[in-house]
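Here the structure is laid out as structure tokens; the discussion comes afterwards.
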Amino acid sequence: MSRGDPQTFDGASMDDRIRENRVWLEQAGSLVIRSGCFDSEHCFGSLDCDFGPPDQDKTENQDFALAWVASKNDPRSIRLAVAIADGLTDSRMSEKGAALACWAGLRNLVERLSSGSATDVSTGELAKPALDAAGAAIGRLADDMAFDPQASCPTGEYASTWRYILRTERLLQTTLTLFWLTEDAARLAIFGDSGASWRDYGSAECSTDRVLAACDLSTQQVQAIGPGRREIAVNELDHCDRIPIRAGSPFMCAIHTDGLGRIMGINGLSVLHELDSRRASSGSNEAQNLLAYWKQCCPKGHEDNLSLLVIRGKNTTQT
Amino acid sequence: MARQARQTRPQLVCVLADNSISMAGDKAKAASQGIQEMIMECQARGPAGPDRSYFKLLLIRFDGNAVIDPLGDMTPVRKIDPDRIQLTGDGSGTNITAALKMASGRLRSYIQELQLHAERAEHPLPLVIIFSDGEHNVGEPPLAAATEIKQLNLDGEPIVIAAAGVAIGGDQPDEKTLREIASPECYVHIANASALAAFISSVGSSGASRAKDVADAIKKMEQ
């Protein structure tokens, strides 16, 4: 990629930056990108990134999500890894930032954890390098744009405003959430305002629900990775969790961006109830089905992109 | 209810800029920079697209008279090239009243339009920003015109005026009058050029509608 080439700061440049990560992840397992279902020997699930109500004040879906699943009989300890990102509304090209953060962050996470990790390392310490990799990828793109503002200036943007945006680093900013499964635990790391909830099915008669992370609906302020914030400290993560998994004990984890949090309001467990009550035939994208239903219920004035990841641990004791 | 700018309900920012000869040089440069950065910041808000302005600009230059800048005549900010906005400080006299009356005329009919707006309850109120380094010295005093503006309201919420007295290099602005023109706690004393630019850009792009929020924006700028 040559700097200063007017063609390299849009799709072509992004394709180059994503391709390397995509090739690596596809060689290491299988991918679901933005929308789809996955199924492995240990878990299954679905994800969807929906634009949301059509008449909202956005032109792009600034959410992005990826799921990586290990191949059958893969000896590595990491079995599933997902990334979900929400580009900031007021940040230029944040949809590109969200995509790049997911690709770079997920690749870093899977690659590092594939080589083994100490079980006593905290979730935050395991997640930080992936978040930093996401920040570095975004930072490199911003640096390349700033190297030649004239060539990188988006159509319709005044040159002086674009230089201002580059100078104040108000572009490509995004939240990032990572979730991954190993044999004995699920791990969740959130930088930003995503929400997550967990259902442990336990016995047939009784399940236990809890909100792992609630979206803070009281503020529009949110932490984000971006050109001005390429590295984070572990104690800056909005949420870290390690949930022990018992062999053969099924569970469900739902992770979503804040758009869905505004629809659910203060009841972060709604998504668990709705998913199980609507559970259709296997193979259907339950994340997509639920979002399609819920976006019609979006309260006026809170329209946003909607993204949902559903991960279900299998009851591996059943035959 | 929160009054928040959106494409369907952009906020009108009225900048009343002292362009008298005493503002020439560094002050005019700082004022130009402040207005340019305000426009750039306002352009950066909201999704990309030339027709998705979250702000509109009414720019009135005043010296002995007041004139609306054709680039900023209730213009959506994404239609304004910031580099084309320049103040030079080349007029004689300081007629703050003329600027306020000109703004009042535009705001009166604008507020009437907002009464019928589908999103009236969430529509941001117009914000008036005025800065001057001198004393009003042409025609009738400005307080009556300022009061007219502050009596304009949307659902009982009045338009806010933020005022800055520019005291750079020995200038002595009429702080008493400017404080009376300003809404409560919305006056700021400006002692250097960078503070003038910061006042215009940060308060103008704050998106604030209510006096308390404008005052908070001023405090934040001062810090």
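Computed from heavy atoms alone, side chains included, the values below leave out hydrogens, waters and symmetry copies. Since the model is a prediction, treat every value here as computed from it, not as a measurement. Reminder, nothing fancy here: chain letters follow the sequence lines and each chain counts from 1.
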Worksheet item: Do Arg6(B) and Glu303(A) meet the salt-bridge criterion of a basic N to acidic O distance under 4.0 Å?
Response: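 Salt bridge: no.
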Discussion item. Test of understanding: with side chain to side chain donor-acceptor pair (under 3.5 Å), list the residues that count as partners of Lys212(B), not counting sequence neighbours.
Written reply: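 In terms of side chain to side chain donor-acceptor pair (under 3.5 Å), with neighbours along the sequence ignored, Lys212(B) is linked to Asp216(B).
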For [X], I'd like to know if atom [atom1] has over 12 heavy atoms of other residues, nucleotides or ligands within 6.0 Å.
X: Arg84(B); atom1: CZ; answer: no
X: Glu185(B); atom1: CD; answer: no
X: Gln86(B); atom1: CD; answer: yes

Discussion item. Quick check: do Ile39(B) and Tyr158(A) have side-chain heavy atoms less than 4.5 Å from each other?
Written reply: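 Ile39(B) vs Tyr158(A): side chains apart.
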Worksheet item: If we only count heavy atoms from C-beta on, is the Lys58(A) to Arg52(B) side-chain gap below 4.5 Å?
Response: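 Answer no - side chains too far apart.
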Practice prompt. Over all heavy atoms of both residues, which pair between Asp90(A) and Gly46(B) is shortest? Give the atoms and the distance, please.
Written response: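 Closest approach of Asp90(A) to Gly46(B): OD1-N, 2.6 Å.
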Discussion item. If the test is side chain to side chain donor-acceptor pair (under 3.5 Å), which one of Glu37(B), Gln36(B), Glu41(B), Gln43(B) qualifies with Tyr164(A)?
Written reply: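 The single option meeting the side chain to side chain donor-acceptor pair (under 3.5 Å) with Tyr164(A) is Glu41(B).
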For each of [options], tally heavy-atom pairs with chain B at distances under 4.5 Å, and name the one with the top tally.
options: Leu88(A), Thr161(A), Thr155(A); result: Thr161(A)
options: Arg170(A), Glu60(A), Arg92(A), Gln62(A); result: Arg92(A)
options: Leu171(A), Thr59(A), Asp57(A); result: Asp57(A)

Worksheet, complete the sentence: Answer key: most heavy-atom pairs under 4.5 Å with chain A among Pro82(B), Gly49(B), Ala44(B), Ala48(B) is Ala44(B)
Discussion item. Between Met40(B) and Thr168(A), does the side-chain contact (heavy atoms from CB on, under 4.5 Å) criterion hold? Intermediate values first, please.
Written reply: CA-CA 11 Å; Met40(B) 289 187 254; Thr168(A) 55; over 6 Å; no
